[in-house]
Amino acid sequence: MANVVVVGAQWGDEGKGKIVDWLSERADVIARFQGGHNAGHTLVIDGTVYKLHALPSGVVRGGKLSVIGNGVVLDPWHLVAEIEKIREQGVEITPETLMIAENTPLILPIHGELDRAREEAASKGTKIGTTGRGIGPAYEDKVGRRSVRVADLADAATLEARVDRALQHHDPLRKGLGIAAVDRDALVAQLREIAPKILQYAAPVWKVLNDKRKAGKRILFEGAQGALLDIDFGTYPFVTSSNVIAGQAATGVGVGPGAIDYVLGIVKAYTTRVGEGPFPSELLNADGTPDADGQRLGERGHEFGTTTGRQRRCGWFDAALVRQTCATSGVKGIALTKLDVLDGFETLKICTGYELDGTVLDYLPTAADQQARCKPIYEEVPGWSESTEGARSWAELPANAIKYVRRVEELIDCPVAMLSTSPEREDSILVTDPFAD
Ligand code: IMP
């Protein structure tokens, strides 16, 4: 029996949806432990496409408990709308199948407004390229001890006191940005209206999960974003506002670190990123537009953001970065996705480290100016002309594709547990079952 954490090991969008769905079938409980509706997971089950942002992937599978943990920031209006949409697709969601931690901080409309106003006001080079969904400001209020949390919705006086405390901070900020002061009574009324729709799912998640563990149930901790967007270990300040790395799984739901038995890192066979920030192996022309290889990766890989529709930046596989994220998340095995997107390249490049001011580094330094100056060091490997799409065994893969995978394993110092060769669930090669390891 094992509990598994799934984390993105690059900048997000590694194709977690399919892997999480496969694992969630084997799990009893699926828990989100960080992030918010900035995430976007697409699940294809029996031909039906489900687009999830805030809900754990387990909701679309019957008989599972899905959990939104306290490490998440939750937009209650978004959640209610997402539940409605998923229900319209025939999925049943009840307080027996969905639980929200009572200590989860809420994302309020003021957070989205602040997020977007700051991004608009930011000068070139300082924009983060956020999803505009209020994630950052909501986490700021959490550590600033002025959040409205799920449990506060149950009592009118507490709710008003929490709103007043938040507005003491937000109104002066809004004034500085030229946004009108908040209509306090309207906000309280909006929250009171949504309260019962959220409170029906509220639960002491830490207790429920500890009891489930004692009863021998399997928990799948479903990460969002990617480790390079981690607030501490990512490419700061071009990051999201939560801890994304695997250690957060424990804090983000209220179980001890011993509850984590296996960390599966999801890794795309090349690299993408949405939003601003350093990206050493990005494939660009001199004028900053994607070069022919970058365009090809983007087109073949359908690299457009699930949440914002933005075109993703594309680059060669960066082994130095993945070696780093496997270390900071304690990744035991990786799921390598989208290998088929590399089909047909004559030669492939893998970034193995960086050259910075005449020195060779095998990791990305922390200082932002140094990150921006890092030049990728590439190793060239031969590509393959055959298709790997849909391969279900090593025997179906061209020799050069296997060599590429083996070289990736060596360079990142971590084995491949799974290989995904198309969006279809069955098109995978399983080496290690994380739940059985
Ligand atoms: P925020 O999370 O909306 O504050 O955005 C901060 C950064 O994280 C931006 O670069 C976003 O593009 C990026 N980001 C947030 N969520 C995701 C995701 O699910 N996939 C990829 N990038 C994301």
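We count ligands from 1, going down the list as the structure has it; atoms in each ligand are counted the same way. Note that these values count all heavy atoms, side chains included, but never hydrogens, waters or copies made by symmetry.
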**Prompt:** With Arg323, which residues qualify under side chain to side chain donor-acceptor pair (under 3.5 Å), at least two apart?
**Reply:**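 Partners of Arg323 by the side chain to side chain donor-acceptor pair (under 3.5 Å) criterion come out as none, since no residue qualifies.
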Go through the structure and list residues passing side chain to side chain donor-acceptor pair (under 3.5 Å) with Asp232, not counting sequence neighbours.
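Result, side chain to side chain donor-acceptor pair (under 3.5 Å) vs Asp232: Asn243.
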Output every pair passing side-chain hydrogen bond (donor to acceptor under 3.5 Å, both in side chains) with a member in residues 104-116, not counting sequence neighbours, ordered by first then second residue.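 Listed once each, the pairs are His111-Asp141, Glu113-Arg174, Asp115-Thr130.
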Exercise for the section: Using a strict cut-off of under 4.0 Å between a residue heavy atom and any atom of ligand 1, list the qualifying protein residues by chain and number. Expected result: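 Residues Trp11, Asp13, Asn38, Ala39, Ile128, Gly129, Thr130, Thr131, Gln225, Leu229, Val239, Thr240, Val274, Gly275, Arg310 each place a heavy atom under 4.0 Å from ligand 1, listed by chain and number.
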SB check Arg26 Asp433 (cutoff 4.0 Å) |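 Result for this pair is yes, salt bridge flagged.
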Taking the basic N atoms (NZ, or NE/NH1/NH2) and the acidic carboxylate oxygens, is any pair closer than 4.0 Å for Arg425 and Asp21?
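Here Arg425 pairs with Asp21 in a salt bridge, since their nearest N and O are under 4.0 Å apart.
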**Asked** So, does Thr432 use its side chain to make a donor-acceptor pair with the main chain of Ala417 at under 3.5 Å?
**Response**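 Answer holds: no.
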